[in-house]
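Every heavy atom of this structure was used, including side-chain atoms; hydrogens, water molecules and symmetry mates were not. If you read the sequence from its start, that first residue is 1, and numbering goes on from there.
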Amino acid sequence: MAGGSRSPGASVTSRVLAVLGAFDAAHPALTLSDIARRSGLPLATAHRLVAELVTGRALARGVDGTYRIGVRLWEIGLLSPLHGQLREVALPYLQELYTTVRENVHLAVRDGDEALYVEKVTGHRAVPTISRAGGRLPLHATGVGKALLAYAPPEVIAAHLRGPLRRCTPYTIVEPGRLARELAAIRERGWARTHEEMTLGSCSVAVVVPGPDGAALAAIGVVGHSLGAAPQRLVPALRAAADQVAARLADEPHATQRATA
């Protein structure tokens with residue numbers, strides 16, 4: 001179940017959010033029964049809300065009878081600072097970085113205990129990855145996630161280390177003490193790396209996009225099959241891209257709103 005509540009005291013807003021929350025990357029198309037089950041709502045309630053959301057174009061019904069997220073939500077989503085400001089500011093620099101490294105380039109922000117991927121620039125020769133724009137992956141198992149976590153407030157780091165820390169591959173660091181030492185090393189050298197910690201066969205290097213107060217606004221990372229014996233060779237290009245994005249964001253104050261919690 002994705003979320004929701006059968007509580008009779010649940011508000012209409014919470015029930016609508018439960019319906020929308022039933023959809024995710026693994027479940028982009030759902031039947032009415034699926035929506036009711038995953039939202040935790042009675043079938044009759046789900047039927048009424050879904051019908052209203054279809055009328056408002058927040059959901060769309062396909063010819064096969066399944067429902068998907070509608071165009072109206074996509075339009076509203078484009079108004080988010082993550083898309084309309086951060087992504088648009090960063091995208092040209094991400095594209096330039098890709099032409100230099102010819103590997104997957106990611107832009108992510110911290111949202112709670114996860115890295116929320118804002119943009120991904122790739123090509124047909126780049127290693128396939130499970131990341132996608134709008135997707136989420138664990139902080140402790142990804143390059144951008146480690147960078148963001150290393151520069152998070154101390155209370156956030158402490159809470160994250162208390163876990164649980166999911167083991168994504170045999171190489172994922174899930175021991176709190178070892179992860180704490182890794183985060184300290186990231187702060188000392190100024191960049192993060194992973195080696196097959198999220199996906200077997202993939203390595204990553206990442207740096208943060210610094211804000212005026214020194215906090216991490218976002219992180220930019222490169223993911224590839226093998227980044228060589230000296231992954232730090234990519235750090236200058238990453239740092240240049242991050243600094244350029246930071247400078248542009250400083251000129252656009254509204255773009256510095258962070259999706260952190």
Side-chain angles (χ1 to χ4, degrees), residues 82 86 90 93-94 97 101 103-120 129 131 135-169 171-199 202-224 227 230-246 249-250 256-261:
L82 288 181
L86 175 59
Y93 304 108
L94 302 181
L97 180 60
V101 300
E103 296 284 5
N104 298 288
V105 175
H106 292 142
L107 173 69
V109 298
R110 183 178 65 83
D111 189 18
D113 289 332
E114 297 174 307
L116 172 60
Y117 286 73
V118 179
E119 185 56 272
K120 175 181 179 179
T129 64
S131 59
R136 298 169 179 270
L137 290 175
L139 289 174
H140 67 283
T142 59
V144 288
K146 279 188 181 181
L148 290 165
L149 183 59
Y151 288 92
E155 63 272 16
V156 171
I157 296 176
H160 196 85
L161 292 175
R162 288 194 293 270
L165 300 173
R166 178 162 64 95
R167 188 182 294 278
C168 304
T169 76
Y171 304 102
T172 309
I173 298 176
V174 295
E175 300 83 10
R178 184 182 170 197
L179 181 57
R181 291 190 294 273
E182 173 76 2
L183 297 178
I186 291 169
R187 290 189 294 272
E188 181 177 351
R189 66 176 179 248
W191 53 276
R193 67 173 296 183
T194 65
H195 181 75
E196 299 188 288
E197 295 172 45
M198 185 68 239
T199 306
S202 295
C203 305
S204 64
V205 179
V207 302
V208 297
V209 177
D213 58 356
L217 297 177
I220 297 176
V222 172
V223 179
L227 301 181
Q232 61 268 30
R233 65 187 172 81
L234 297 177
V235 172
L238 277 163
R239 178 73 65 207
D243 288 345
Q244 289 170 317
V245 172
L249 292 176
T256 62
Q257 297 179 35
R258 295 192 290 274
T260 58

K.L.:
What are the two closest non-hydrogen atoms of S202 and V223, and how far apart are they?
P.N.:
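Distance-wise, the nearest heavy atoms are CB-CG1, 4.1 Å.
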
K.L.:
Take atom CD in E155; do more than 12 heavy atoms of anything else shown fall under 6.0 Å from it?
P.N.:
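Count over threshold, so yes.
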
K.L.:
Give, for atom OG of S204 and atom CD of E196, the distance between the pair rounded to the nearest 0.5 Å.
P.N.:
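Here the interatomic distance stands at 11.0 Å.
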
K.L.:
When you compare the side chain of E182 with that of K146, does any pair of heavy atoms fall below 4.5 Å?
P.N.:
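Result yes, sub-4.5 Å side-chain heavy-atom pair found.
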
K.L.:
Would you mind reporting whether V174 and R166 have side-chain heavy atoms less than 4.5 Å apart?
P.N.:
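When only atoms from C-beta onward are counted, V174 and R166 do not touch, as no gap falls below 4.5 Å.
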
K.L.:
Considering all heavy atoms of both residues, which atom of Y151 and which atom of I186 are nearest to each other, and what is their separation?
P.N.:
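What the structure gives for the nearest pair is OH-O, 3.7 Å.
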
K.L.:
Hey, are the side chains of V156 and P153 touching, using non-hydrogen atoms and a 4.5 Å cut-off?
P.N.:
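A side-chain contact exists here, since the closest heavy-atom pair is under 4.5 Å.
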
K.L.:
With under 30° as parallel and over 60° as perpendicular, where do the rings of H106 and Y117 fit, or are they tilted in between?
P.N.:
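Judged by the thresholds at 30° and 60°, the geometry between H106 and Y117 is perpendicular.
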
K.L.:
For the residue pair M198 and P138, establish whether any side-chain heavy-atom pair is separated by less than 4.5 Å.
P.N.:
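In contact.
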
K.L.:
Does some side-chain heavy atom of L97 sit less than 4.5 Å from a side-chain heavy atom of L238?
P.N.:
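Sidechains of L97 and L238: in contact.
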
K.L.:
Between H140 and P176, is there a donor-acceptor pair closer than 3.5 Å when you use the side chain of the first and the backbone of the second?
P.N.:
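Not at all, since once roles are kept as given, no pair shorter than 3.5 Å links the two residues.
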
K.L.:
Counting distance only, does the side-chain N/O of R239 pair as donor-acceptor with the main-chain N or O of G190 below 3.5 Å?
P.N.:
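Indeed, once roles are kept as given, a pair shorter than 3.5 Å links the two residues.
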
K.L.:
Which pair of non-hydrogen atoms, one from I157 and one from A150, has the smallest distance, and what is that distance?
P.N.:
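Looks like CD1-O, 3.8 Å.
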
K.L.:
Rounded to the nearest 0.5 Å, what's the gap from CD1 on I173 to CZ on R167? Could you check?
P.N.:
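Going from CD1 on I173 over to CZ on R167, the span is 10.0 Å.
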
K.L.:
Indicate the atoms forming the closest heavy-atom contact of V144 with A206, along with that distance.
P.N.:
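So the minimum-distance heavy-atom pair works out to N-CB, 3.6 Å.
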
K.L.:
Taking salt bridge (Lys or Arg N to Asp or Glu O under 4.0 Å) as the definition, give me every residue that meets it alongside R178, ordered by chain and number, with sequence neighbours left out.
P.N.:
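Here the qualifying residues are E175.
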
K.L.:
Heavy atoms, side chains only, cut-off 4.5 Å: are T199 and T169 in contact?
P.N.:
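Side chain of T199 against side chain of T169, heavy atoms only: no contact under 4.5 Å found.
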
K.L.:
Rounded at 0.5 Å granularity, tell me how far OG1 in T194 sits from OH in Y171.
P.N.:
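Reported value, rounded in 0.5 Å steps: 13.0 Å.
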
K.L.:
How close do L234 and V222 get, counting heavy atoms only, and between which atoms?
P.N.:
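For L234 versus V222, the nearest heavy atoms are CD1-CG1, 4.1 Å.
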
K.L.:
Rounded to the nearest 0.5 Å, how far apart are NZ of K120 and CG of L107?
P.N.:
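Taking NZ in K120 and CG in L107, the distance rounds to 13.5 Å.
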
K.L.:
The criterion is side-chain contact (heavy atoms from CB on, under 4.5 Å); which residues satisfy it with P154, sequence neighbours excluded?
P.N.:
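For P154 there are no side-chain contact (heavy atoms from CB on, under 4.5 Å) partners, ignoring immediate neighbours.
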
K.L.:
Which atoms form the tightest heavy-atom contact between H160 and L149, and what is the distance?
P.N.:
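Heavy atoms of H160 and L149 come nearest at CD2-CD2, 3.4 Å.
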
